[in-house]
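Read through the structure below, which is laid out as structure tokens, and then see the notes.
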Amino acid sequence: MRRRGIVVSFHSNMVTVEDEETGERILCKLRGKFRLQNLKIYVGDRVEYTPDETGSGVIENVLHRKNLLTKPHVANVDQVILVVTVKMPETSTYIIDKFLVLAEKNELETVMVFNKMDLYDEADLKKVRELEEIYSELYPIVKTSAKTGMGIEELKEYLKGKISTMAGLSGVGKSSLLNAINPGLKLRVSEVSEKLQRGRHTTTTAQLLKFDFGGYVVDTPGFANLEISDIEPEELKNYFKEFGDKQCFFSDCNHVDEPDCGVKEAVENGEIAESRYENYVKMFYELLGRRKK
Ligand SMILES: Nc1nc2c(ncn2[C@@H]2O[C@H](COP(=O)(O)OP(=O)(O)OP(=O)(O)O)[C@@H](O)[C@H]2O)c(=O)[nH]1
Ligand SMILES: [Zn+2]
């Protein structure tokens, strides 16, 4: 009898599948056709498998994959939990917008988390309010403290039943948050610190960690290198979602130096945040500059 499950981790040529109904973990081999037809299988893939008498199983099929992230390779991710701090470290709006572009490019939902709320003084809270003003119409925001537990229950509601990936600069509290959400869950150290510990367990594939309230998180933060170079300059505007409904004279307007630009008008009358537009222009020229090389 075939059953359904989700691939949660890889081992040389076996995968661990978590059964969709029972939650049981079964070590599975791949049918020969995977190798013969060079079919790929990734963590996050939903599969059909046949259990055998010994408690192991065989993967028969990979079901339709809604998306596939790279670095790390994970299939079927639903959302990004973008962790932002205004102090220790400060996340600039440019960095925030780059993460958001990468999430949009990969058709992922984003939940913004403003963490370390317990640390902030009046001046920091003013920065938090400024960020809320820019982003609250675009993405849901949860204000948290991994230290005091503030916002943790609210964040859990977003995580339930979904596959999430954490993102955010090093030190913003991604692993601390997961630990506050579900004690014992361990996010892997970020790539940078992994490089410093050269040679130590160099597992390259990601795993899915399961929340005890349902839902999974990828054990390796996403978009860690903030690489946007595979985006064409003309494509970038699609990833600033508030630009979408603006009318410009040229239908292929890039909202940079074209006349009668609805996006630039919206910036002038305050409908689009200045920082969003400035960061867009900066990224646009960055991408254009790379293409000319
Ligand atoms: N005061 C306070 N400190 C926090 C909070 N969240 C995390 N920290 C501290 O910030 C530091 C970095 O937290 P981590 O959870 O390791 O951050 P990370 O984002 O996982 O960092 P990388 O693994 O480098 O990507 C640690 O010293 C945490 O104790 C918080 O809400 N409040
Ligand atoms: Zn325009």
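Note: hydrogens, waters and symmetry copies are ignored here, and every other heavy atom, side chains too, is used. One-based numbering, in listed order, for ligands and for the atoms of each.
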Worksheet item: Taking distance alone, with no angle check, do Met117 and ligand 1 share an N/O pair under 3.5 Å?
Response: no
Worksheet item: Do Tyr239 and Tyr280 have their ring centres less than 6.0 Å from each other?
Response: no
Discussion item. Could you check whether any side-chain N or O of Glu258 sits under 3.5 Å from a backbone N or O of His255, counting only pairs where one atom can act as donor and the other as acceptor?
Written reply: yes
Practice prompt. Provide the tally of protein N/O/S atoms nearer than 2.8 Å to the Zn ion (ligand 2).
Written response: 4
Practice prompt. Please collect all side chain to side chain donor-acceptor pair (under 3.5 Å) contacts where either partner lies in residues 97-112, sequence neighbours excluded, each pair once.
Written response: Asp97-Tyr135, Asp97-Arg276, Asp97-Asn279, Lys98-Glu286, Glu104-Tyr139, Lys105-Glu235
Practice prompt. Only counting residues at least two apart or in another chain, list the ones meeting side chain to side chain contact (heavy atoms under 4.5 Å, CB included) with Asp78.
Written response: Lys66, Lys162, Ile163
Worksheet entry | Test item: side-chain donor near acceptor, Asn38 and Lys33, under 3.5 Å | no
Fill in: The one among Val113, Asp118, Val83 that brings a heavy atom closest to atom 2 (C) of ligand 1
Asp118
Practice prompt. Return the option from Thr220, Asn115, Asn179 holding the heavy atom at the smallest distance from atom 6 (N) of ligand 1.
Written response: Asn115
Practice prompt. Report yes if some N/O of Lys174 lies less than 3.5 Å from some N/O of ligand 1; otherwise report no.
Written response: yes
Discussion item. Counting only heavy atoms, tell me which of Ser170, Ser175, Gly168 gets closest to atom 24 (O) of ligand 1.
Written reply: Ser170
Discussion item. Could you work out, with side chain to side chain contact (heavy atoms under 4.5 Å, CB included) as the rule, every residue matching Lys246, not counting sequence neighbours?
Written reply: Val263, Ala266, Glu271, Ile272
Response to the item:
ligand 1 atoms nearer than 4.0 angstrom to some heavy atom of Leu119 are 1 (N)
